[in-house]
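Worth knowing before you read on, the calculation uses all heavy atoms, side chains too, and leaves out hydrogens, waters and symmetry mates. Numbering of ligands and ligand atoms starts at 1, following listing order.
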Amino acid sequence: MEREKLVEEINRLKEERNAIIMAHNYQLPEVQDIADFLGDSLELARKAVNVDADVIVFAGVDFMAETAKILNPEKTVLLPAKGATCAMANMLKPEHIIEAKEKYPTAPVVLYVNSTAECKALADVTVTSANAAEIVGKLDSDVVIFGPDKNLAHYVAKQTGKKVIPVPEYGHCYVHKKFTVEDVERAKRLYPNAKLMVHPECEPEVQERADIIVSTGGMIRHAPEWSEWVVFTEREMVYRLSRLYPNIKFHAAREDAACIGMKAITLEDVYRSLRDMKYTIEVPEETAEKAKRAIERMLEMS
Ligand code: 13P
Ligand code: SF4
């Protein structure tokens with residue numbers, strides 16, 4: 001089907017189903033363009049609290065759709081493609097948390113929202129890259145168990161001065177791991193007037209060379225502070241920023257920094273998702289109840 005026709009059909013089905021399309025900032029441009037709400041993980045979780053619709057089509061990765069379902073158990077939450085998953089979230093298993101708890105029984109378990117509902121059910125509080133340092137700073141403990149991103153754990157430890165135990169020790173995002181010090185040097189050579197905006201999932205040596213270290217939502221908020229930026233995160237963020245601020249220059253630090261899970265969703269998938277009501281997200285009730293407490297605590301604390 002042609003793009004125009006697809007958009008027309010999506011809008012028709014949206015009305016018929018009383019549906020809303022929520023999308024992450026890393027989605028393909030064609031999907032960003034039809035979203036009712038676009039945001040970073042925290043903004044999407046907040047927005048999901050009181051959605052005025054019967055159906056949420058979640059154009060993002062599975063843990064984000066799960067969070068929306070946990071916050072809206074009575075609504076239908078659809079993930080448009082089966083392959084839309086987060087490799088980092090899948091690195092953390094409940095056993096890692098249980099093992100760490102045995103070693104540090106009094107340390108709270110702080111989990112990045114990039115984790116499965118099963119793991120979130122074992123957390124005291126969840127965080128996103130936008131509020132991780134703030135929340136860990138507020139916790140009444142100098143030691144915290146933190147998973148699954150070791151680079152975000154490093155950032156949080158630096159910001160708060162607390163002891164942060166990463167679970168698992170090797171948790172990382174393969175997209176953000178691509179950025180190197182050579183990329184920083186090349187960016188500075190090619191764009192001498194630009195500042196560098198870096199996601200905290202990047203390696204510590206890249207973080208150290210950043211002008212700002214922020215979530216994707218933070219990138220949007222801080223962009224107007226300067227006229228030219230090199231963006232160290234998933235490449236579609238440049239589309240999102242350029243559309244919002246046509247007078248500011250944005251350059252992708254690497255064109256190959258693409259998240260396969262985010263890119264699994266096409267406009268056609270969004271259409272089929274609404275047409276066939278697939279793929280429905282289900283979270284077992286007991287897991288959802290426990291995970292909800294950790295997510296709600298995050299929303300209260302930040
Ligand atoms: P944000 O919370 O910054 O949107 O990040 C989500 C994510 O998956 C980064 O890779
Ligand atoms: Fe997960 Fe990395 Fe993709 Fe973000 S960019 S969804 S952390 S794999």
Side-chain angles (χ1 to χ4, degrees), residues 22-28 31-32 35 37-48 58-68 79-81 83-92 110-116 119-120 126-135 146-156 166 168 170-179 197-203 206-207 210 212-223 231-241 244 252-265 295 298-299 302:
M22 295 176 69
H24 187 264
N25 294 324
Y26 294 163
Q27 287 294 292
L28 287 169
V31 178
Q32 290 194 27
F37 184 81
L38 267 164
D40 71 1
S41 333
L42 181 60
E43 291 157 350
L44 288 163
R46 279 199 194 293
K47 181 75 186 171
F58 208 106
V61 283
D62 48 7
F63 75 81
M64 297 177 177
E66 273 184 356
T67 303
L79 185 70
T85 192
C86 169
M88 181 215 275
N90 299 334
M91 284 179 188
L92 181 67
V110 181
L111 284 197
Y112 196 17
V113 285
N114 297 47
S115 52
T116 60
C119 286
K120 283 191 183 81
T126 64
V127 296
T128 75
S129 52
N131 60 19
E134 182 195 355
I135 289 181
F146 190 102
D149 186 16
K150 71 172 171 40
N151 291 341
L152 184 61
H154 165 89
Y155 173 76
V156 167
Y170 49 85
H172 68 276
C173 163
Y174 71 95
V175 181
H176 289 85
K177 207 177 159 57
K178 284 190 173 172
F179 299 108
M197 41 170 67
V198 169
H199 197 279
E201 287 177 15
C202 291
E203 295 285 310
V206 175
Q207 292 187 23
I212 54 168
I213 306 170
V214 276
S215 70
T216 61
M219 289 178 180
I220 290 172
R221 283 187 294 281
H222 286 275
V231 183
F232 285 70
T233 193
E234 217 272 352
R235 66 162 192 228
E236 236 61 72
M237 194 61 207
V238 168
Y239 176 77
R240 174 85 172 110
L241 287 162
L244 280 170
R254 290 184 72 107
E255 283 300 336
D256 64 350
C259 171
I260 297 167
M262 289 283 182
K263 266 50 206 183
I265 299 173
I295 299 166
M298 165 182 81
L299 297 175
S302 67

Distance from Cys86 atom SG to Met64 atom CE, nearest 0.5 Å?
7.5 Å

Proximal ligand 2 atoms for Cys259, defined as those under 4.0 Å from one of its heavy atoms
3 (Fe), 5 (S), 6 (S), 8 (S)

Counting from 1, what ligand 2 atoms have a heavy atom of Tyr174 closer than 4.0 Å?
8 (S)

Considering only heavy atoms, does Val175 approach ligand 1 within less than 4.0 Å through its side chain, its backbone, both, or neither?
neither

Which of the numbered atoms in ligand 1 are below 4.0 angstrom from a heavy atom of Thr216?
1 (P), 3 (O), 4 (O)

Take Arg235 and Glu255 through the test salt bridge (Lys or Arg N to Asp or Glu O under 4.0 Å) and record every step on the way to the result.
CA-CA 6 Å; Arg235 66 162 192 228; Glu255 283 300 336; 5.1 Å; no

For His24, is the nearest heavy atom under 4.0 Å from an atom of ligand 1?
yes

One residue to check: Glu201. Relative to ligand 2, which of side chain, backbone, both or neither has a non-hydrogen atom less than 4.0 Å away?
side chain

List the closest protein heavy-atom neighbour of atom 2 (Fe) of ligand 2: residue, atom name, distance to the nearest 0.1 Å.
Cys173 SG, 2.3 Å

Cationic N near anionic O, under 4.0 Å, Glu43 to Arg221:
yes

Show the numbers, then the answer: is there a side chain to side chain contact (heavy atoms under 4.5 Å, CB included) between Arg240 and Tyr26?
CA-CA 8 Å; Arg240 174 85 172 110; Tyr26 294 163; over 6 Å; no

Tell me the closest heavy-atom pair linking Gly39 and Leu44, and the distance in Å.
O-CD1, 3.5 Å

Where's the contact between Asn114 and ligand 2, heavy-atom distance under 4.0 Å: side chain, backbone, both or neither?
side chain

Work out whether the distance between some heavy atom of His199 and some atom of ligand 1 is less than 4.0 Å.
yes

side-chain contact (heavy atoms from CB on, under 4.5 Å) test vs Asn25 passes for just one of Met262, Gln32, Met237, namely Met237

Tell me whether ligand 1 is touched by Met262 - counting only heavy atoms on the residue side and a distance under 4.0 Å.
no

So, Lys120 side chain and Ser115 main chain: donor-acceptor pair closer than 3.5 Å or not?
yes

Report, in ascending order of atom number, the atoms of ligand 1 lying under 4.0 Å from any heavy atom of Tyr26.
7 (C), 9 (C), 10 (O)

Checking Asn90 against Thr116: is there a side-chain donor and acceptor pair closer than 3.5 Å?
no

Which residue supplies the protein heavy atom nearest to atom 1 (P) of ligand 1, what is that atom called, and how far is it?
Ser41 OG, 3.5 Å

Could you go step by step and tell me if Met22 and Lys47 meet the side chain to side chain contact (heavy atoms under 4.5 Å, CB included) rule?
CA-CA 9 Å; Met22 295 176 69; Lys47 181 75 186 171; 3.6 Å; yes

Numbered in order shown, the ligand 1 atoms found under 4.0 Å of a heavy atom of Ser215 are 3 (O)

Heavy atoms only: give me the nearest Glu203-Phe179 pair and the separation to one decimal.
CG-O, 4.5 Å

Taking all non-hydrogen atoms of both residues into account, name the closest pair between Leu79 and Phe58 and its distance.
CD1-O, 3.5 Å

Against ligand 1, does Asn114 come closer than 4.0 Å with any heavy atom?
yes

Yes or no: does Ser129 have any heavy atom under 4.0 Å from an atom of ligand 1?
yes

For atom 9 (C) of ligand 1, what is the nearest protein heavy atom, given as residue, atom name and distance?
Glu201 OE2, 3.1 Å

Atom 1 (Fe) of ligand 2 reached by Cys86 (N, O or S, under 2.8 Å)
yes

